[in-house]
> 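Structure provided below as structure tokens; questions to follow.
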Amino acid sequence: DASDVAAGAAAGKRRSYNYRVVMSKGGTELAMRGRCSAGQKMLACLIIRLALQQAFAATKCGVLALDEPTTNLDEENKRGLAQAIAMILQSRAAQSHFQLIIITHD
């Protein structure tokens with residue numbers, strides 16, 4: 001299973017993005033609405049948040065806040081999240097004003 005975020009820009013002067021989160025299984029895209037568990041929904045939200053954080057890294061956005069990021073995740077996905085956060089911390093170590101805030105009861 002993989003989750004992808006597809007974005008498209010609307011025409012005109014103002015930029016507007018429509019996001020569609022899909023699950024890819026066997027090369028077929030499936031809409032996640034009504035088909036995924038609470039853990040899969042949380043994982044999709046985290047993927048979007050981490051992608052946005054990386055996109056804003058170019059503008060020197062200094063804060064990443066995650067509230068209860070491990071809720072409904074299985075152990076494998078918790079480890080994957082920890083690895084992704086570690087990679088972000090390594091890539092942002094030279095940025096003087098970067099702050100990571102994680103709120104959790106785990």
Side-chain angles (χ1 to χ4, degrees):
D1 293 351
S3 297
D4 295 316
V5 178
K13 291 183 179 181
R14 283 182 106 183
R15 287 189 183 181
S16 174
Y17 295 93
N18 297 314
Y19 294 95
R20 183 173 65 100
V21 179
V22 297
M23 191 172 6
S24 179
K25 193 165 191 166
T28 303
E29 288 186 357
L30 303 169
M32 291 184 72
R33 178 169 280 183
R35 295 181 187 218
C36 59
S37 68
Q40 288 170 318
K41 289 178 187 176
M42 176 58 85
L43 191 57
C45 289
L46 288 169
I47 290 168
I48 292 168
R49 289 179 194 172
L50 293 174
L52 287 171
Q53 187 275 333
Q54 287 298 95
F56 288 125
T59 62
K60 303 295 186 207
C61 179
V63 178
L64 171 62
L66 299 173
D67 184 13
E68 296 288 346
T70 58
T71 300
N72 297 320
L73 295 184
D74 59 17
E75 291 302 316
E76 181 181 351
N77 284 318
K78 286 180 183 179
R79 282 190 295 278
L81 175 62
Q83 291 170 351
I85 291 171
M87 289 186 329
I88 289 170
L89 289 174
Q90 286 176 348
S91 69
R92 302 290 290 272
Q95 187 177 339
S96 62
H97 62 281
F98 178 70
Q99 297 179 33
L100 172 65
I101 302 166
I102 298 178
I103 302 162
T104 184
H105 295 284
D106 289 343

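Each residue takes its place number in the sequence, starting with 1.
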> Pair up each side-chain donor or acceptor in residues 78-85 with any protein partner under 3.5 Å, not counting sequence neighbours, and list the distances.
none

> If I take atom OG1 from residue T70 and atom CG from residue N77, how far apart are they, to the nearest 0.5 angstrom?
11.0 Å
> In this structure, would I88 and L100 fall into the same cluster of hydrophobic residues linked by side-chain contacts under 4.5 Å?
yes
> Mind checking whether L43 and I102 sit in one hydrophobic cluster, side chains of I, L, V, M, F, W, Y counted as touching below 4.5 Å?
yes
> Is there a chain of hydrophobic side chains (I, L, V, M, F, W, Y, each step under 4.5 Å between heavy atoms) that links L89 to L46?
yes
> Could you state the interatomic distance from CG (L73) to CE (M42), rounded to the nearest 0.5 Å?
6.5 Å
> Looking at residues at least two apart in the chain, or sitting in another chain, which of them share a side-chain hydrogen bond (donor to acceptor under 3.5 Å, both in side chains) with N72?
none
> Nearest heavy-atom pair of H105 and E68: which atoms, and what distance?
CD2-OE2, 2.6 Å
